[in-house]
Amino acid sequence: MSVISELKRRNVFRVALFYIVSSWLLVQVAETVLPVFGVPDTFIRGIIVVLVMGFVPALVFAWIFELTPDGLRRERPEADAVASARPVSQKLNIATLVIAVLAIGLLAVDRFGGSTSRDGANSGPQAGPAPAQTMDELAPPARSIAVLAFEDLSPEANQAYFAEGVSEELLNLLARIEDFKVAARTSSFKFKGTGADIAEIGRALNVETVLEGSVRKAGDQVRVTAQLINVADGYHLWSNSYDRRLENIFAVQDEIAGAIVEQLRLQFDVEAETASRTTNVEAYDHYLRGRELAREPTRDGLLRAIEQFQAALAIDPDFAAAHAGIANAWVWLEDYGGVKSSEAYPKAEQAARRALALDEESAEAHAAMAFVLDRYYDDKQGASEYFERTLELNPNYVTAYNLYGDVLRDMGLLERMIEVHRRAVELDPLSPFMRMRLAAKLQVAGEPEESRRLIAELLAEQPDNDYAFEELGNLKMGTGDFSGAFDAYRKVHVQRPGDPYSASQMAEMSIVLEDETAARAWIAEARARGEDNRWELDPREQLAKWQQDWESLREVGDLRGGHTGARMRGEAAIGLGHWAEARRHFTEALRMSGYTPDEPVLLQHVHKLAGLEIAERALELSPDPNRLEQARRPLELLVDAKAIAVNDLNYYVALARFAALQGDHEEAIDLILQGFGQGEPIPEWFLLRDPAFETLRDLPAFQAAVDRARDLRESLQASLPPDARMP
């Protein structure tokens with residue numbers, strides 16, 4: 001008899017099939033039932049290992065022994081065996097079929113049953129997708145997670161910052177995994193205390209899995225529980241509890257991250273990624289407190305955050321993340337806290353460089369350095385390289401996408417700019433700030449309607465949201481609706497008592513309206529929130545130009561410093577007729593902002609190149625004939641996109657300056673006329689006094705453009721009662 005026939009006779013094949021189907025059913029039951037009782041996944045894995053190891057012995061057992069109506073026996077003579085084989089075979093077939101049906105039924109319930117809530121209870125059927133959306137559009141990325149804010153279960157309920165810090169550390173660690181989407185903190189923590197179920201959270205954040213947990217801290221003991229849940233069916237993929245001494249909190253975080261990596265079959269070396277982390281719990285506690293204070297960009301909060309980061313460094317001077325925290329805090333103090341650039345950025349740079357020296361793979365430190373290079377040194381290429389490296393290190397670092405958008409705008413890469421801001425919103429869909437930053441960039445990209453829609457949507461959800469009012473003010477100012485802009489900026493001015501931005505904007509609108517009293521009043525308001533901060537210096541620059549107060553303009557340039565200060569000093573020298581001095585300042589400004597004739601001209605170079613051209617012509621030098629044409633290109637890109645200028649000269653007027661310098665008077669006037677209604681209103685006094693338009697002043701068409709600017713100013717003045725413009 002052949003081996004195959006003998007295997008069939010002894011029911012080895014049937015035993016193998018029965019064993020496989022039975023094992024499958026056992027594993028399905030274990031995976032469904034055991035997590036409910038908090039049994040760790042290691043136990044389930046142990047069951048699988050035992051079943052695999054038992055497969056071969058089961059087959060050997062089937063070969064040696066035969067199941068007969070009289071019980072187990074060793075091999076019998078063939079004639080007797082054949083006589084008893086048929087009923088035994090039939091019983092095995094029936095048993096296998098029954099178990100297979102049970103396994104398939106359990107699988108069907110698992111896959112197609114109702115969703116469960118966060119505690120595992122059935123939450124009933126969920127609303128289906130909107131008809132206009134396809135399943136592909138709704139399906140979350142196959143590798144994605146939201147880390148919810150861990151609950152504080154401590155006896156005194158005063159450890160929320162610590163519990164959230166533990167979960168945020170896990171979020172930041174997982175965010176570094178390539179090709180793995182991690183919802184940003186603002187959005188995932190928004191569900192804290194809402195009672196939302198897992199299905200709702202998964203839909204809102206468009207993720208496949210959710211990690212939730214709790215922390216109970218008492219003295220030097222800490223208990224951390226964590227559960228990884230599948231959004232599609234609400235079942236636990238993994239869960240565990242850890243009772244440790246507080247000093248072992250870092251090991252707990254690593255174990256949780258490692259379990260997630262294992263469950264989701266990700267490629268990530270947790271140990272290598274956490275090598276530079278502090279091991280001092282007290283320093284870590286100060287760091288978590290500092291990070292919580294720095295969450296909202298207010299002057300007081302950011303200064304207190306720096307104190308906490310410094311306290312962490314007093315304990316552990318090599319704590320790279322604390323240095324990076326200080327760097328980012330100083331960056332935001334300059335933007336939102338009214339601190340002078342000359343004070344904030346050197347401190348930010350020092351802290352960022354120290355963080356990079358300690359941890360060359362710190363995404364936060366790379367982003368801080370990129371921001372310094374962008375805002376302080378105007379080195380867009382260098383900033384771009386740091387941002388790209390940041391996103392390599394942490395593909396889910398939503399703040400970096402946001403900041404990178406400003407660099408891409410200045411580089412003229414508008415499509416990439418919108419792309420990174422949309423990515424920021426994708427990662428942080430519930431963040432008002434990220435949504436409004438996208439709205440701002442849509443204005444630059446010539447998409448005001450989508451920008452207006454996003455602003456309206458946020459105001460419908462949150463009627464007092466200051467980010468929405470800020471972008472509404474920018475949009476209305478950029479489209480000439482000064483009444484609406486004043487109204488929106490006033491709301492921001494009240495809601496952000498430490499931020500000089502809105503006062504600065506209202507001062508600049510007052511200068512366009514030639515209302516010196518209101519302009520000086522709003523400049524004083526901005527100064528009260530940050531003397532010599534750039535938001536205070538911007539309207540002082542415009543006021544000096546309007547008043548032709550060249551000494552004041554030079555003073556503002558000295559206070560501003562850097563390439564922007566050098567440009568202002570050059571413009572002051574032109575006003576005074578000091579042509580050689582002007583040429584020197586503009587040359588210095590271009591050098592400081594990274595300009596080289598053989599590289600593409602960036603947006604920050606165009607005004608400096610125009611000033612250099614004016615100075616060299618007055619000195620009867622022979623400027624580079626290609627320089628003006630090169631300088632036009634970034635402006636042409638913005639004009640073609642119908643971009644709205646905010647905090648900058650109307651792009652059409654800026655391009656008209658180059659057309660006038662090239663001797664094309666007709667094009668220059670046509671561009672000025674197109675500029676009405678596109679971007680910020682054109683100040684009448686600018687057209688009359690800018691030296692680039694010197695050769696146009698006697699032309700009737702140019703005079704008509706000046707008259708139109710005057711009519712627009714008077715119309716805007718009439719639309720606003722004088723007291724509406726005052727603080």
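Both backbone and side-chain heavy atoms feed into the values below; hydrogens, waters and symmetry mates do not.
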Asker: Determine whether a donor-acceptor pair (N or O, by modelled atom type, separation under 3.5 Å) exists between the side chain of R143 and the backbone of D179.
Answerer: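 Judged by distance alone, yes, a pair lies under 3.5 Å.
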Asker: Any salt bridge linking E636 with R633? Criterion: basic side-chain nitrogen under 4.0 Å from a carboxylate oxygen.
Answerer: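 No, this pair does not count.
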Asker: Is a salt bridge present between R389 and E392, judged by a nitrogen-to-oxygen distance below 4.0 Å?
Answerer: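 Here R389 pairs with E392 in a salt bridge, since their nearest N and O are under 4.0 Å apart.
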Asker: Say whether N626 and E629, considering side chains only, have a donor N or O and an acceptor N or O under 3.5 Å apart.
Answerer: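 Per modelled atom types, N626 and E629 side chains form no pair under 3.5 Å.
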Asker: Between S144 and K181 (side chain of the first, backbone of the second, donor and acceptor by atom type, cut-off under 3.5 Å), is there such a pair?
Answerer: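 No; zero donor-acceptor contacts below 3.5 Å.
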Asker: Taking atom types as modelled, find out whether N280 and T278 have a side-chain donor-acceptor pair closer than 3.5 angstrom.
Answerer: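 No, because no side-chain N or O of N280 sits under 3.5 Å from a partner of the opposite role on T278.
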Asker: Please check if the side chain of T479 supplies one atom and the backbone of L475 the other of a donor-acceptor pair under 3.5 Å.
Answerer: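 Yes.
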Asker: Which heavy atom of I523 sits nearest to which heavy atom of A507, and what is that distance?
Answerer: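 Nearest pair, atom of I523 first, then A507: CG1-CB, 3.8 Å.
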Asker: When rounded to the nearest 0.5 angstrom, what distance separates CG in L205 from CG in L430?
Answerer: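 Atom-to-atom, L205:CG and L430:CG are 5.5 Å apart.
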Asker: Shortest non-hydrogen contact from D359 to A320?
Answerer: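 For D359 and A320, the tightest heavy-atom pair comes out as CB-CB, 3.7 Å.
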Asker: Give a yes or no answer on whether the side chain of D466 reaches the backbone of V492 with a donor-acceptor pair at less than 3.5 Å.
Answerer: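 Such a contact is absent between D466 side chain and V492 backbone.
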Asker: Show the nearest heavy-atom pair for residues P432 and N465, with the distance to one decimal.
Answerer: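 Minimum heavy-atom separation between P432 and N465: CB-ND2, 3.5 Å.
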Asker: Does E536 use its side chain to pair, donor to acceptor, with the backbone of D532 at less than 3.5 Å?
Answerer: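 Looks like yes, one N/O pair under 3.5 Å.
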Asker: Do the side chains of K545 and E541 get close enough for a salt bridge, i.e. N-O under 4.0 angstrom?
Answerer: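 Salt bridge present between K545 and E541.
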Asker: If only atom types and distance count, is the side chain of T390 paired as donor or acceptor with the main-chain N or O of A367 below 3.5 Å?
Answerer: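 At least one qualifying donor-acceptor pair exists.
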Asker: Nearest 0.5 Å please: distance from the CG atom of L638 over to the CG atom of N650.
Answerer: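 The distance works out to 11.0 Å.
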Asker: For the pair E292 and R289, find out whether any cationic side-chain nitrogen is under 4.0 Å from an anionic carboxylate oxygen.
Answerer: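 A salt bridge is absent here (no side-chain N lies under 4.0 Å from a carboxylate O).
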Asker: Find the distance between NZ (K347) and CD (E334) and round it off to the nearest 0.5 Å.
Answerer: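 K347 NZ to E334 CD: 13.0 Å, rounded to 0.5 Å.
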Asker: Taking the six-membered ring for Trp, are W330 and F309 ring centroids under 6.0 Å apart?
Answerer: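 No: the rings miss the under 6.0 Å criterion.
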Asker: Check whether more than 12 heavy atoms from other residues, nucleotides or ligands sit under 6.0 Å from atom CD of Q662, and answer yes or no.
Answerer: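 For Q662, atom CD is crowded (more than 12 foreign heavy atoms under 6.0 Å).
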Asker: Any ion pair linking D406 and K380 (charged N to carboxylate O, less than 4.0 Å)?
Answerer: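 Salt bridge flag = no for D406 with K380.
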Asker: So, does H323 use its side chain to make a donor-acceptor pair with the main chain of P317 at under 3.5 Å?
Answerer: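 Yes: the side chain of H323 pairs with the backbone of P317.
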Asker: If we ignore hydrogens and angles and just use 3.5 Å, is the side chain of D378 paired with the main-chain N or O of S593 as donor and acceptor?
Answerer: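 Here the side-chain-to-backbone pair does not exist.
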Asker: Using 0.5 Å steps for rounding, measure from the NE2 atom of H605 to the CG atom of L612.
Answerer: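 Between atom NE2 of H605 and atom CG of L612 there are 12.5 Å.
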Asker: Tell me whether E613 is salt-bridged to R657, with the criterion being a basic N under 4.0 Å from an acidic carboxylate O.
Answerer: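 Judged by the 4.0 Å cut-off on N to carboxylate O distance, E613 and R657 do not form a salt bridge.
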Asker: Which distance, rounded to the nearest 0.5 Å, do you find between the CZ of R569 and the CZ of R554?
Answerer: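 That separation rounds to 9.5 Å.
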Asker: Report the distance from atom CG of N172 to atom CD of E168, rounding to the nearest 0.5 Å.
Answerer: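 N172 CG to E168 CD: 5.0 Å, rounded to 0.5 Å.
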Asker: Please check: side-chain N/O of W535 versus main-chain N/O of S502, any donor-acceptor pairing under 3.5 Å?
Answerer: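 Checked: no pair found.
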Asker: Under 6.0 Å between ring centres: does that hold for Y284 and F250?
Answerer: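 Between F250 and Y284, which both carry aromatic rings, the centre distance is below 6.0 Å.
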Asker: Between R353 and E349, does any NZ, NE, NH1 or NH2 come within less than 4.0 Å of an OD or OE carboxylate oxygen?
Answerer: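 R353 and E349: salt-bridged.
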